[in-house]
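Everything on this sheet refers to the single structure shown next.
Reminder, nothing fancy here: chain letters follow the sequence lines and each chain counts from 1.
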Amino acid sequence: MTKLIAAALLLAAPAFAAAQQLLRLPPAALMPKGGGHEYTRPPAIPAPLNDIAGLDYPEPSIATSAYALDSLLSLAASNNPTLVQARLHISGELAKALQAGLYPNPMLSYEADQIFVKNDRVANTPGEFQGAIAQQRIVTAGKLRLSREKYQRRAHVAEHLAVTQQFRVCNDIRIHFYQALAAQATLAIRRELQKTAEDSALTSQESYNMGQARRPEVRRTNVALQRTRLDVLSAENAYQEHFRRLAALVGAPLPGGAVVGELMPECPVLTYEEALQRLIAESPELAAARAKLSVDQATVSRELVQWVPDLVVKGGAGYNFESQEAVAAAGLQIEVPLYDRNQGTVQQARSDYARQRREIDRVELELRDRLATTYQQYVTSLQHAFEYERLILPELKAAYAELLQSYKENRVDWPEVLMAQHDYFDARLTQVDNLMHARTQEVLIYGFLLHDGLRAAQGIAPPGHIDAVPKPR
Amino acid sequence: MSKPHDQNERRRFLKTSAIAAGGSLLGGLVGGHAAAQQPPMQGMGPGMDSMPGMKHGGELPKPIGEPQAGPPTDVSDVYDGYSRFKPGRGNSPDSDYYLGKLMPGFRSPDAAPAPFVAPDLEKLPWKMVRGAKEFHLRPMAVEREFLPGYKMNVYGYNGSMPGPTIEVTQGDRVRIIVTNELPEATSTHWHGLDLPVQWDGASELTQNLIEPGQSFAYEFDVHEEGTFFYHSHIPMQEANGSVGFFIIHPKKPFDPPVDRDFGLIFQNFFIEPSQTIADSWRMDWNWHTINGRSGPFTTPLVCKHGERVRVRIMNFAPMQHHPIHLHGHTFWITGHEGARVPKSAWVPRNTSLIGIAQATDFEFIANNPGDWMLHCHMVHHMMNHMTRQVGPRVRDTTVDRYLANLDVHPSGDLTKEDPGFRTPGYPQKMQGMKMSDEFMQTIWNRREVQGMRAMWPMSVMGLMTTLRVLPDDLYRIVMESDEPVEKGAVFAEIVRRFGTPARYEAAPKMKGRM
């Protein structure tokens, strides 16, 4: 039995070693002699971070350039490519309207009929008729007008979609502006927290010398300091990220700099019903969907008259070689709608119209769906932001101040003061986050839930699709 | 006793008598002639200014009082080798007068007992009703100013914490009507008295609780004598301060008679910093009071050189015993809360451990002039709200720069290395002890402390007070006149007469305000 266990252990040992190798183990710990026998210096306060800390650290980190929201919006208006795309969509549709309303051109032809017909004089004449014929299609039932109107309405849809795109861009600029602003504030607070951690490290050294702390506690304080320094670097990196994304949205290179603005939401707070009514009444997405219904209505009207035959009239003058005299020719052509009365297309157009009615419902419901989530985040972040501003931050600040005063009067320990200060600064970090979320959601609520300003501008047809035909209808 | 003891009234009487009987003397003591009457001191010029090595020579108080008057001549000074006017042991430990054991005070044995004085506490008035001394005691929540500007919320009686002193004579019949003004039930226990059980005050065991707004009359004959006390028998009310002295004078005065009879109640509380409500649930205690005040707000016990003094100390701390130490004198333990100890069992001591709910009476001859500490010797009881010293207060920086902008943390110098920190254990001296001007004014605005050294409030803290033994002329100036006395003047005068003036250094003025 013992042998079995020993064998099992031998088999297990390599497996254990292999498992150990899978783990990335930290360097071996410095093992000092056991404490408490003689005086040992405490672990020193760690030096600042290594070289890689300066890898993405622009000099100076915050340049003198300062960017306000309005200037960034102006820059984006002239540089963001999607806004140009949106304008081109409108132009495209207007061009189609132009094309669709153009009257068909006349046809000129030369006709030679019954070549080699005989007459009294010649066995084979050049023909009974040779001459020029002019032919003109006479469009009936207002087809051209209806087609033009249809594309004009499509241009109107494109206008709504352009407004949508403008909101996407502007909202996104705003959101990233506030995120950059928040990252900037976070960085400033992180730097304060670093100083608190440095104070804690100093306090730890003092405590050690007064027999009130042991080396492991000093080490923990040192580690806390170094983690705080890493947090500062993370905050700097985050700010750089947000600033660079902002520059990408603007569409123009921005030299490094600071953003200046106000994080606290400024618009009147909306109830859910107010936000919903505003969205239903004014959303450009919904307006585009409604305008598209008008296009589909026009399409039905257009297709309903398609079966009405156009008249094709023609006439000309020529020479009758049989009778050897000049003659005229005339003709009238009309399609007899015996089988094809455009029933299928009419049915399709009516289906499209009905589908679009449902599309409006769908867009509205989708907006409601998006609003439900956004409003929840909006109201939650506002509740947090306002309550932090009204009570939580002042209370924490007062607690810190009272403890400072008590410390001044020798009534409390310094670590307790530092803890209160940390709590206050930490809550300020949370508040920055609250404000950032509140601002973001405010932008979305007031901006009809539109964002993603580098998405290609949406046209009435899918992007890149060529639906231009010689004669669109 | 027909009316409560009034120290102010007594002081007024003494002051008036002194002026009537010896106005010229008192005038001479404090006036500008004092310096001229001052005999030249050994090693000194006509004034203190020229004293070599004197750091604050120019500020040394001028001589006051009338040293030539000397001690009284109508009393016996030495008993079997023991002098009432200078420290000593006497000729033999077996002598009745060894360490002044049975040396009488100045007071006549035929006179009534010396008035009992519990500094900073009132006495409960009474009137005779149906053959009994009737007292009215009202348990209630009270506010007590532990230190100037520190008004703490505790429980007590009749607006005071500790409650007013009940003072009777052995053999009296007393009726004490307790009316509960607390919002919770209570009962009152008469600690140490052998009573018919129904008056013992042990809640529920012997009586129903006194509900809020209700009264209960305790009535009994007093056959005991000595130092007793009353307190609530609800534990947390006890811990919150519900206690008071019950002093019973013997029908036959104790021998030898004493000139002073002081009473001190020692208490502890836990009060959070920036809080005023005592937390009676805590297991540690950070505020320490004597008769409801903390040092340096405790009022000194002032007596005259050569008097026989009795001090009764009662420990009402919730869970800490106190080793009480008196400087400059060896005292005889003459009684406890149970009874006066037979003389054969008296013990001489400098320090006496007084347990919770115990009282100890001790007596001594005040033969060593000066300002003497009387304190609990537990280090943590010699201060209040003791806190660790780390942080700005040991970095030579001020907390004000943190207070100046709460949103920014001032940078610390991580490279800074205070040379002191090369010594493990540094710093042990408490730093940053500051007292406001208002605080100091209140401390100094009492006759009992006049003429003490300028820095004395820095050393008398927590569970500490002082015993002042003053020559007759200085006692009169301090306690029976309204004359202004320069800080340190009385102390310097005692040094002149009884010490080594050539080596005396005056206390520095505290930043020009003292």
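Remark: side-chain polar atoms of Q205(A) are paired, donor with acceptor, to backbone N or O of P43(A) under 3.5 angstrom.
Side-chain contact annotation: R393(B) with N410(A), donor-acceptor N/O pair under 3.5 Å present. Side-chain atoms of T351(B) and H325(B) form a donor-acceptor pair, as typed in the model, at a separation below 3.5 Å. Side-chain contact of H409(B) with D199(A): a donor-acceptor pair under 3.5 Å is present, judged by distance alone.
Proximity to chain B (any heavy atom under 4.5 Å) is shown, for L404(A), by both the backbone and the side chain. Heavy-atom distances place the side chain of F425(A), and not its backbone, under 4.5 Å from chain B. Heavy atoms of E198(A) lying under 4.5 Å from chain B belong to its backbone as well as its side chain. With a threshold of 4.5 angstrom between heavy atoms, I189(A) does not approach chain B through any atom at all. Interface residue D407(B): backbone and side-chain heavy atoms are both found under 4.5 Å from chain A. Interface residue Y39(A): only side-chain heavy atoms are found under 4.5 Å from chain B.
Of the listed residues L193(A), I45(A), T196(A), the one with more heavy-atom pairs under 4.5 angstrom with chain B than any other is T196(A). When the candidates Y400(A), Y208(A), W414(A) are compared by the number of heavy-atom contacts under 4.5 Å with chain B, W414(A) comes out ahead. Ranking Q194(A), Q405(A), E416(A), Q212(A) against chain B, the residue ahead of the rest is Q212(A), based on heavy-atom pairs under 4.5 Å. The candidate with the highest count of non-hydrogen atom pairs below 4.5 Å against chain B, out of N209(A), D413(A), V412(A), is N209(A). No other option in L403(A), L418(A), T203(A), V417(A) has as many heavy-atom pairs under 4.5 Å with chain B as T203(A).
Partners of R214(A) according to the salt bridge (Lys or Arg N to Asp or Glu O under 4.0 Å) rule, which considers only residues two or more places apart in sequence or in another chain, are E217(A). With sequence neighbours excluded, the residues that form a salt bridge (Lys or Arg N to Asp or Glu O under 4.0 Å) with R41(A) are E417(B).
At a threshold of 4.0 Å, the pair R395(B)-D413(B) does not count as salt-bridged, since none of the basic side-chain nitrogens sits closer than that to a carboxylate oxygen.
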Item to check | From CA spacing to verdict: ring pair (Phe, Tyr, Trp, His ring centres under 6.0 Å), H288(B), H380(B) | outcome: CA-CA 10 Å; H288(B) 314 284; H380(B) 289 196; 9.1 Å; no

